[in-house]
Amino acid sequence: EGGGSDSEDENEKLSELEVVLRQHCPEFLGDPVAAKPTSVAENYQLHLSTEQIRIGELLFQPYMYGLEQGGITSTIQYVLNLFDEDKQKRLVNNIFLTGGPASLPGLTKRIERDLLAMRPFKSTFKVNVAS
């Protein structure tokens with residue numbers, strides 16, 4: 001009647017939802033009994049699944065895995081924005097991929113697709129891969 005407290009039905013429903021959430025995530029609400037101790041090494045560990053698509057996506061969207069950094073194409077866009085339009089055109093026509101990840105199937109096509117989306121209409125770009 002005072003409007004400050006939840007009804008018994010609401011409290012009961014909330015308790016039921018908490019039980020379900022704890023079944024799926026034992027650390028829900030910071031439960032100290034269910035939470036396992038972590039070391040510094042575990043805090044910086046990446047857990048990758050065996051799905052090739054999800055692993056490759058880490059290069060483009062690291063925030064999906066809890067990393068606070070930009071992906072490949074967002075980094076390219078950031079660097080390009082540091083220069084005037086003429087230098088951007090020169091830079092974007094000389095993108096060079098090297099190292100182990102450069103050999104990932106579909107990497108070049110994905111970068112080209114992202115560049116097509118971020119660059120002005122009818123602009124050109126070239127992505128080269130080390131052989």
Side-chain angles (χ1 to χ4, degrees):
E1 292 179 44
S5 64
D6 295 330
S7 70
E8 287 182 32
D9 291 336
E10 289 174 337
N11 284 333
E12 186 176 315
K13 183 68 175 171
L14 183 60
S15 296
E16 290 173 10
L17 291 173
E18 285 180 1
V19 168
V20 171
L21 285 171
R22 285 178 202 249
Q23 287 175 345
H24 295 285
C25 180
E27 295 87 18
F28 178 70
L29 293 178
D31 188 1
V33 175
K36 60 181 180 181
T38 59
S39 68
V40 174
E42 288 176 334
N43 287 338
Y44 291 98
Q45 205 172 39
L46 289 178
H47 299 282
L48 302 176
S49 82
T50 57
E51 297 177 47
Q52 290 180 357
I53 294 171
R54 290 182 67 195
I55 293 171
E57 198 60 27
L58 175 65
L59 297 172
F60 296 93
Q61 299 181 38
Y63 57 86
M64 290 176 62
Y65 296 91
L67 300 173
E68 295 180 20
Q69 59 191 30
I72 292 174
T73 50
S74 62
T75 302
I76 291 171
Q77 181 66 39
Y78 174 78
V79 170
L80 290 174
N81 287 337
L82 297 174
F83 298 95
D84 62 39
E85 190 175 324
D86 290 332
K87 286 185 182 177
Q88 282 185 20
K89 287 179 185 177
R90 288 179 47 207
L91 289 170
V92 82
N93 280 303
N94 292 299
I95 295 176
F96 184 74
L97 303 177
T98 186
S103 64
L104 288 172
L107 180 73
T108 304
K109 288 181 183 178
R110 171 66 186 271
I111 291 175
E112 289 172 346
R113 188 191 77 189
D114 289 355
L115 285 171
L116 184 63
M118 74 172 70
R119 299 295 301 152
F121 183 65
K122 291 194 176 183
S123 63
T124 60
F125 53 84
K126 183 159 177 66
V127 178
N128 300 300
V129 180
S131 49

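- With sequence neighbours excluded, no residue forms a side chain to side chain contact (heavy atoms under 4.5 Å, CB included) with S74.
- With sequence neighbours excluded, the residues satisfying side chain to side chain contact (heavy atoms under 4.5 Å, CB included) with A130 are F96, T98.
- Rounded to the nearest 0.5 Å, atoms CD1 (I95) and CD1 (I76) are 4.5 Å apart.
- Applying the salt bridge (Lys or Arg N to Asp or Glu O under 4.0 Å) test to every pair with at least one member in residues 107-129, sequence neighbours left out, gives these pairs: E57-R110, R110-D114.
- Rounding to the nearest 0.5 Å places CG of L115 at 7.5 Å from CG of L80.
- For the atom pair OG1 of T108 and CG of L97, the computed distance is 5.0 Å after rounding to the nearest 0.5 Å.
- By the neighbour-count criterion of 12 heavy atoms within 6.0 Å, atom CD of E85 is sparsely surrounded, having that number or fewer from other residues, nucleotides or ligands.
- The OH atom of Y78 sits 15.5 Å away from the OG1 atom of T73 when rounded to the nearest 0.5 Å.
- Screening V79, L82, N81, N93 for a side-chain contact (heavy atoms from CB on, under 4.5 Å) involving Q88 leaves a single residue, N81.
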